[in-house]
Structures are given as structure tokens and as C-alpha cells.
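Here's the structure we're looking at; comments come further down.
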Amino acid sequence: MWTIFKKEFKSYFLSPIGYVVVGIFLFVCSVFFYLTTVNYRSIDLGSLYFYAAFYGLMIIIPILTMRMFAEERKNGTEQLLLTSPTGMAGVVFGKFFAAMAVIAIALIASLMYFGIICYFASPNIVVVLVSMLGFLLISGAAISFGMFASSITENQIIAGIITIAFLIMSLFIVDLDIGIPDISLMSFYQKFPTGVISLNEVVGPLSFTAMFIAFTIILMQRRKLVK
Amino acid sequence: MIQVENVTKKYGTFVAVNNINFEIEEGEIVGFLGPNGAGKSTTMNMITGFIEPSSGKIIIDGYDISKRPKKAKRQIGYMPEGVPLYNDLTVKEFITYKKKKKKVPSKEKKQKVQKAMEDTGLVDVENKLIKNLSRGYKQRVSMAGALVSNPKVIILDEPTVGLDPKQVTEIRSLIKELGKEHTIILSSHILSEVSQICNRVIIINKGQIVAIDTPENLENKVVKNNSIYVTVEDLENKMEKIKDTLTDVQELKLISENEDKTKKYMITSAEGVDLRKNIFDTFAKEGITIFEMKKADATLEDAFMELIKAEDDREEIEEQEEISQEQDGEQEIEEQDVKQEEQGKEQKEIGQDEKIEQDEEESETTTKENKNEEENKENNDKNEESGNKEKGGQK
């Protein structure tokens, strides 16, 4: 798992993908930093992370995940993965954590807004850290879905579109009121921005992540039979 | 080292590999031969655990690849067909990655990577990105990736495709060198390569094993007639009458007339007769100058073509028989059963014939010796008949 993680993480930053993802995230953050924090002259950064998650995830997650397995399948390097002694679980976790690491780097870079505010006032670091933890958790859930989408097709574009569609749909399904239980990822990101860790919002994204990681592992193992 | 037992791979109703069995000993170099789509790569992919067989068992160094994949895969270094590589990595990074992934003990890590690069001639390009390499170098990177963890079994799918002649000889000698310590399976379209490198050859056609033998034995199997090629200068056109002077000649055939007024003939003699000395003497007496004389050798290529053709013909005949016998339309599924039934019937018939013959013999002959002799004769006749049938099938 560790070798896969290292290789994947490296290739994110050998290719433009890693920089693009961090760049877009910081751009979205900057926009909402201005619209919320600066405009309202507040020292609250929670709403910055809330809006960054609301609008940012649907852009950055597909970019991160669409190539994960689709590219391997297209280039034939899937053969190298499946014939290596590393089990499928190791491969999937390695790739998952590599994508998480990119998000973590983006979040660390977003600490600069905290730094800027520190210059003028004394904001609460705990709220920022809790917001970041929550952001990481729902990103994990979104990544696991993107990874699953990538493992069912060999076309990166299709994998990306499936992920975007899912993320956008999950935003609006709340408003549709058609009796479907609320599966929006954002419903797990209501209390984090206020600096409160609720058990509900921790278990929710974690179980969602576990489910789609399991789906991906099962799907990849089944590839051996149908290939 | 590798046991393949009753392995079948189906894609829907299409049978890619049909019930194959073979065993590979430690230290052998085995070549897979077969036309396109014969099931070579499928078989190799199943041995490496990339795809799961529909039924059957594959055991590598005592570990079943389906049940204990991690241990079994650790014994294998695999160079896949079409050389899939991570284009974003440098050569050195890729080989190091491959080595780590195979969980080699951490000691002497760098040395092993270095050695793999030296063996495959990659030291000059070790810091280049793989996507910038030429096809030949990519091929070598893929090979280095298979070697680096020093596995017991090395599987190479078409290792010399896309290499220049110098590299081909280098890679061949590398494979031979590796064969001293490792078990190697390779597939190739180049038959001379296989006959040079491999101890044993497995010929696959339409998902079934047609032959498993050493290259030499396969070549000997197809040498049937004694043909000699001679290129002569024959100004007085004496070759037309030479058949009268030269006894034992079955066939004399003009193959080509060259620009320098020499002619190439093929002379066929009866089996077991070597005409070369005779030709030399007779031609000298007749005033025909020999420019070149060569005995026709059967190569692995001939053996391959014969075996594949024989198999195809046999299947055609069987299919025709089936069509005439069965009109219900459930042919595909019952194909095998029908074959078995047919074989059974044939055996029964033969058995009955033998009984009748034996009864006749008993009534006619008086001494045991005579009986035995006659039985032997009949057996011989039968053998000849079946031999003729086979030949007929091949044609």
C-alpha cells in the first residue's frame, strides 16, 4: 500500500493535476474569503470552508479521481497492478490516501487566510481546524465515490462526468422532496463550520467512504473473472 | 514448478482456452507457440493471476494462484504483452517501484535495481522519463521490471518484438543466461528464436494444446521425405534424362531458372536413401556442374505449420460430420459429447473386427507361432492404415 501511495502521490505532482487541484481550491477559497469574511468584516472562517466545500468539491474531486483506475485500464498498466503481490485492497487504499493527501495539502495551504486575519484580529484556531477536519471527511466520501466511478469505466471523461453528476445531484436532492432520504454530502457539513464536531457528521461520511471503497475493491477483484 | 491442470477459460459461449494440461519443471525455458488468437496470452495471463480461469487449477511453486495469490504472485516476474508502463516515471523510478511492489527484502535494494538496469542495458537512460523512450527501450524497461525482484518464474510475452537485431541477440542471450537460475515461459512469433532458446515448446491452436515437445523432436516429426535441392549449370539439357541414369529418384522438379543460366532442381528419393554422393558422381560423369547442393531440413516452422494445419483440418472434418449427424441445432454445447461418443463407437467397431478376425484365425491356423505372426501382420496393416488416414487428413 505504501509503495502505491508514494507512486500515486508523486504522479499527482509530476503531472499538472496536483497543482491544478490545489490552485482551483485556493481560488474558490479566495473568492469566498472576499465574499464572506472580508465583505462582512467578520473573523469567522467557517463559512469560507462551507462554501468552498459546496462549490469547490464538485470541481476538484473529479479532477483528482477520474484517472485513478480508468487510466490504468486504458494504458494496460492494470495488468501490472493485478499481477503484483499487493492485494487489491492495498492498491485501492494506496490510491485513496494519495488523493486524500492532495486535499490535505490544499487545506494546509488554506491556512494562509487564517494568517491574514491574524494580522488584523485574533480568530479562533479551533473553529478553523474543525472545519478542515470536516472538509477532509466529506472529501474522503466524495473521493471514494469518484474512485468507484473511475473503476467502472476505461474512459476518464465518463468517470469524471459520473462523479460531477453525482456531486451536483446530491446538492439538489434535498430540495426535490421526493421521499428519498437525504443523501447529500453537504448534510454532513453543517455543524463542522461552526466548530462543533457531531458524531452524526463524523460517522456519516466515514461509512459512506467505507461503502464505496469496499465497492471498488469488490469490483476490481471481479475484473479478474470477467476479463 | 508450474502445474496447469484442466484449465478452461470461457468468454460467454466462446471458449478461449479449452481444458489444457501441462507441467513445467524448475529451470526449464518453455516457449509458447500458436497463431494469433490461439490462447497464448490468455494462458499466460491466467498463470500470472491477471485473469481467473473459468475452471481448473494453476499451481505455482506449490501455491494455488486463485487461493493464495499473494504468495504465488511473489514467485512470478511478468512482462506483459504491449509493454504497459507508467509514462510519468523515470526508468529508475519505475524499476524501483516494481521491486518494492514485489516486496523484496530491503537489503541491497539499490544494487538489485542497478543490476537489472545493467543486464538490460538501461544505465544510459536511467533518469529519462519512460514516455520519452523509444519502443525498444520501453521493451527493455518492462523486462527489467520483471527481472528486478529475482523471481523464480519469469514470464515474458513476446520479449523481442520491436527490438533491433543487436538488441534481439542481447536479449536472447540474457534469457538463456536467466534460464540457468530461473524457470522461464516465453511466447513468440519468431520460430527460430523459440528453437534457439527453448528447451521445450508448447504449441497451442484454438485454445487447445496441439503438441508439447522439444524443438528437435518436433522438427524430426515432420521430416518425411528425402529432398535435395541442387543448383546446376546444365548447358546441354542433360537433366531431363538424368532420371534414367540415377536410380532411386522418385521425383525431379525444376524450381527456378536463375539469371546466370543455372537451374535449381528439387530431387526427391525414397525414404532412408541419401542421394547426395550418387548425384555428385553421376553429374560429374554427365558433365553437369553442381553450383550448390543442399539437403532439405524440416524446421520448427514446418512442424508448426503441419501441426496447426492438421488440427484445423481435423476440426473441419468433425464439424462436417456433426452437421450431417445432428439436425437439432444444439451443436455447440454437445460438441464434446459427440466427439467422445464417436471415439467410443470407433473403438467398439475396431474391437468387433478384431474378434471376428481372431475367430477366423483360430479356425484356420494350427500352431501358435503362425497365429502370432498373422496377428502381428494385421496389427502392422492397421497401423499403416491409420497412418495413411492421418496423412490424408493433413493434406
Side-chain angles (χ1 to χ4, degrees), chain A residues 1-21 63-64 66-95 98-99 102 151 154 156 217-227, chain B residues 9-12 16 41-42 44-55 60 63 65-66 68-90 93-94 96-104 129-131 138 141-142 145-146 149 151 153 155 157:
Chain A
M1 190 190 104
W2 179 237
T3 34
I4 303 270
F5 171 80
K6 257 170 56 178
K7 194 221 124 229
E8 285 293 314
F9 185 69
K10 214 184 213 169
S11 69
Y12 273 128
F13 287 100
L14 283 172
S15 62
I17 294 171
Y19 303 101
V20 167
V21 165
I63 298 176
L64 270 182
M66 64 184 203
R67 48 173 285 284
M68 277 180 164
F69 287 99
E71 193 187 37
E72 300 251 11
R73 200 182 281 191
K74 188 137 210 165
N75 290 347
T77 43
E78 186 187 32
Q79 209 160 354
L80 299 177
L81 279 185
L82 290 175
T83 54
S84 79
T86 319
M88 210 57 240
V91 173
V92 172
F93 276 110
K95 281 173 178 280
V102 177
S151 69
E154 64 169 33
Q156 294 187 40
I217 294 172
I218 292 166
L219 199 115
M220 288 305 287
Q221 274 168 345
R222 244 198 83 71
R223 291 271 301 154
K224 277 197 238 180
L225 293 167
V226 290
K227 260 199 79 65
Chain B
K9 178 70 191 174
K10 285 181 190 164
Y11 295 106
S41 291
T42 310
M44 284 181 145
N45 280 334
M46 284 193 287
I47 296 173
T48 57
F50 178 48
I51 53 180
E52 197 98 346
S54 308
S55 64
I60 289 148
Y63 302 110
I65 191 94
S66 320
R68 310 193 62 186
K70 284 189 185 179
K71 288 223 165 161
K73 282 175 186 172
R74 211 162 289 167
Q75 319 295 329
I76 299 173
Y78 179 38
M79 173 183 156
E81 189 185 15
V83 273
L85 297 166
Y86 292 111
N87 288 325
D88 291 339
L89 302 182
T90 66
E93 280 170 346
F94 178 78
T96 315
Y97 164 75
K98 281 288 282 183
K99 201 183 124 289
K100 279 183 185 160
K101 229 171 56 173
K102 295 278 180 188
K103 289 187 183 165
V104 182
L129 283 179
I130 290 174
K131 65 178 159 201
K138 281 185 184 171
V141 174
S142 185
S149 45
V153 181
I155 298 178
D157 207 342

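Each chain gets a letter, A, B and so on, in the order the sequences are listed, and its residues count up from 1.
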Rounded at 0.5 Å granularity, tell me how far CZ in A/R223 sits from CD in B/E52. 13.5 Å
Non-hydrogen atoms of chain B under 4.5 Å away: do they reach the side chain of A/E72, the backbone, both or neither? side chain
Give a yes or no on this: more than 12 heavy atoms of other residues, nucleotides or ligands lie within 6.0 Å of atom CZ of A/F5. yes
Measure distances from B/I65 to the heavy atoms of chain A and classify the residue's part below 4.5 Å as side chain, backbone, both or neither. neither
Rounding to 0.5 Å, atoms OH (B/Y97) and OG (A/S84) come to a distance of 6.5 Å
Would you say that A/L80 contacts B/Y86 through its side chain, given a criterion of any heavy-atom pair below 4.5 Å between the two side chains? yes
Mind listing the closest non-hydrogen atom pair of B/D88 and A/L14 along with its distance? O-CD1, 3.5 Å
Would you indicate whether the side-chain heavy atoms of A/K10 and B/E93 approach each other to under 4.5 Å? yes
Write down the atom of B/Y78, the atom of A/Q79, and the distance for their closest heavy-atom approach. OH-NE2, 3.0 Å
Can any side-chain N or O of B/K73 pair as donor or acceptor with the backbone N or O of A/L82 at less than 3.5 Å? yes
Taking C-beta and beyond as the side chain, do A/T86 and B/K70 meet within less than 4.5 Å on heavy atoms? no
